[in-house]
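Computed from heavy atoms alone, side chains included, the values below leave out hydrogens, waters and symmetry copies.
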Amino acid sequence: MNPIRSIKGTHDILPADSQNWQQLEQIVRTVCQRFGYNEIRTPIFEETRLYSRSVGENTDIVSKEMYSWDDKDGKSITLRPELTASVVRSFIQHNLGGQAPVQRLYYMGPLFRRERPQKGRQRQFHQFGVEAFGSENPEQDAEIIAIAWHILLECGLSENATLHLNSIGSPNCRKAYREALKNFIRPNLSLFSETSQKRFETNPLRILDTKADHEQKMLKDAPKVSDCFSDDDMAHFESVQNFLKVMNIPFILNEKLVRGLDYYSRTVFEFTSSALGAQDALLGGGRYDGLVETLGGKATPGIGFAAGMERFLIAMAETEVLSRESKIDVYFVCLDEAGLSTALSLANKLRQAGFNVVSDPLRRSLKAQMRDANKSGAKYALILGETEMETDSIVLKNLEKSEQETVSQKNILEKLRNLTN
RNA sequence: GUGGGUGUAGCUCAAUUGGUUAGAGCACCUGGUUGUGGUCCAGGAGGCUGUGGGUUCAAGUCCCAUCACCCACCCCA
């Protein structure tokens, strides 16, 4: 019988790694709270039409990467391939917009896309992200980007990260630009690749993303989105840039940055990292002023970003940020079967007082238990043997200093408290 | 989805041109006289060589398929 393995593109996060995950999660929570954002948790699966409506029928995500199936009642269900759609759905469903004019939300969790796995890209992967609803002002854009920047700083990634910034204008501008771009390309359309030709009809802006050199050459003199900006679009984009400068957040303007999801408008941005190679997008997002309305809610502006947690951790591995500190305070060594009751009761008392205490369930030799204590990284070992049992005492050993003393069992908690404060 | 590469112990890697019982380091376990860890020494455990076929007297080594991983395309976080 061949052994059962995890599904292609999915990974176990083992104890050796989960500490890093927790550390990243902690940074995200801390920074989001610092900006007054609260966590929202939405279901892992949703109705399929949520994604076709928001992300876009013609995007790669919806057209070929989703895990979808028909539920018993015939409804098409999909494992979430991204999270903004769910957050917006929830925002509308619970009328969050009616409860406060600005909603500041963040999230974390697994997502599913059926892509070819490679480094920094899995079929089940994790993102954290933030969304802010209610303001269309540029200071909101700047705040969202600032959150991303603060998280990158805390993660030690700001040095190797580059912020690419662009505006794709408001919907009217985009519409005009679409036509202008199509008019520019149309004479030479046959020279473009099959995918580009398809995008010419479905999503012409994406053609700007092409990496084919000959296509880039033909696009050299293509009209720019900024040509179609309204005065408001222009002023908005300039304000965003000014606010970023005021906060000392470095960025470069990148007119080719279009982003693959349909719902974006105006500000779009992406942080890339030199630590990642081909899949170098660490974090990406933008404004989506029309999305709430598209999904049936009251017109509400919104902006947010999503970040790849696996990619963060890959990049963070090269930094000094991830710690390997032991979480064990005390390793409890018990030498004699007769002492087990005392050991359990004492260890329990220490745990109730907040100490992290590990004990050996194998009744191993003192040597083996001490070796294990050392490996656990515990700062202290408590040793309970025959001699100690006779005198209601216990040996307290400082494993770093290699010093030990005998303490009465009654006073051990107090003693440890004093030592660790 | 398309190319290319790689699969030997938990990890990193060995194994002449196909030729005995597939090795090493790290990690793990147990010891090194009575109750003390890290270093050192000794011993032990751990592999159907990713899986399934084929060629051969003989396959870790050659061929095919399949699966997984890596790189690029693609896409995105």
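Checking B/C71, B/G37, B/C74 against the side-chain heavy atoms of A/Lys119 singles out B/C71 as nearest. Of all nucleotides listed (B/G4, B/C75, B/U36), B/U36 comes nearest to the side chain of A/Gln404. Closest contact between the side chain of A/Asp280 and the listed nucleotides B/C76, B/A77, B/U36 involves B/C76. When the nucleotides B/U2, B/C76, B/G32 are ranked by their closest atom to the side chain of A/Arg116, B/U2 comes out on top. Considering only side-chain atoms of A/Gln118, the nucleotide from B/C74, B/U30, B/G1 that sits closest is B/C74. With B/C76, B/G4, B/C74 as the choices, the nucleotide that has an atom nearest any side-chain atom of A/Arg311 turns out to be B/C76. Here the side chain of A/Met370 is nearest to one of B/G32, B/U36, B/C76, namely B/U36. Nearest to the side chain of A/Lys375, among B/G37, B/C28, B/C74, sits B/C28.
In this structure, the CG atom of A/Leu366 is 17 Å from the C1' atom of B/C29, given to the nearest Å.
Taking side-chain N and O atoms only, A/Arg364 has a distance below 4.0 Å to OP1 or OP2 of B/U30. Checking the phosphate oxygens (OP1, OP2) of B/C76, a side-chain nitrogen or oxygen of A/Arg206 falls inside 4.0 Å. Contact annotation: A/Lys367 does not reach the phosphate of B/U36 (side-chain N/O to OP1 or OP2, under 4.0 Å). Note on A/Lys64: every side-chain N or O is 4.0 Å or more away from OP1 and OP2 of B/C75. For A/Ser365, a side-chain nitrogen or oxygen approaches OP1 or OP2 of B/G31 to under 4.0 Å.
Classification of the A/Phe229-A/Phe237 ring pair by plane angle, with boundaries at 30° and 60°, yields perpendicular.
Remark: aromatic rings of A/Tyr106 and A/Tyr37 are distant, center separation not under 6.0 Å. Between A/Phe128 and A/Phe312, the distance from one ring center to the other falls under 6.0 angstrom.
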According to the Watson-Crick and G-U wobble definition with distances under 3.5 Å, which dot-bracket string, read 5' to 3', encodes RNA chain B, using [ ] for crossing pairs and | for pairs with another strand? (((((((..((((.....[...)))).(((((.......))))).....(((((..]....))))))))))))....
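For the residue pair A/Ser393 and A/Glu388, no side-chain donor N or O sits within less than 3.5 Å of a side-chain acceptor on the partner.
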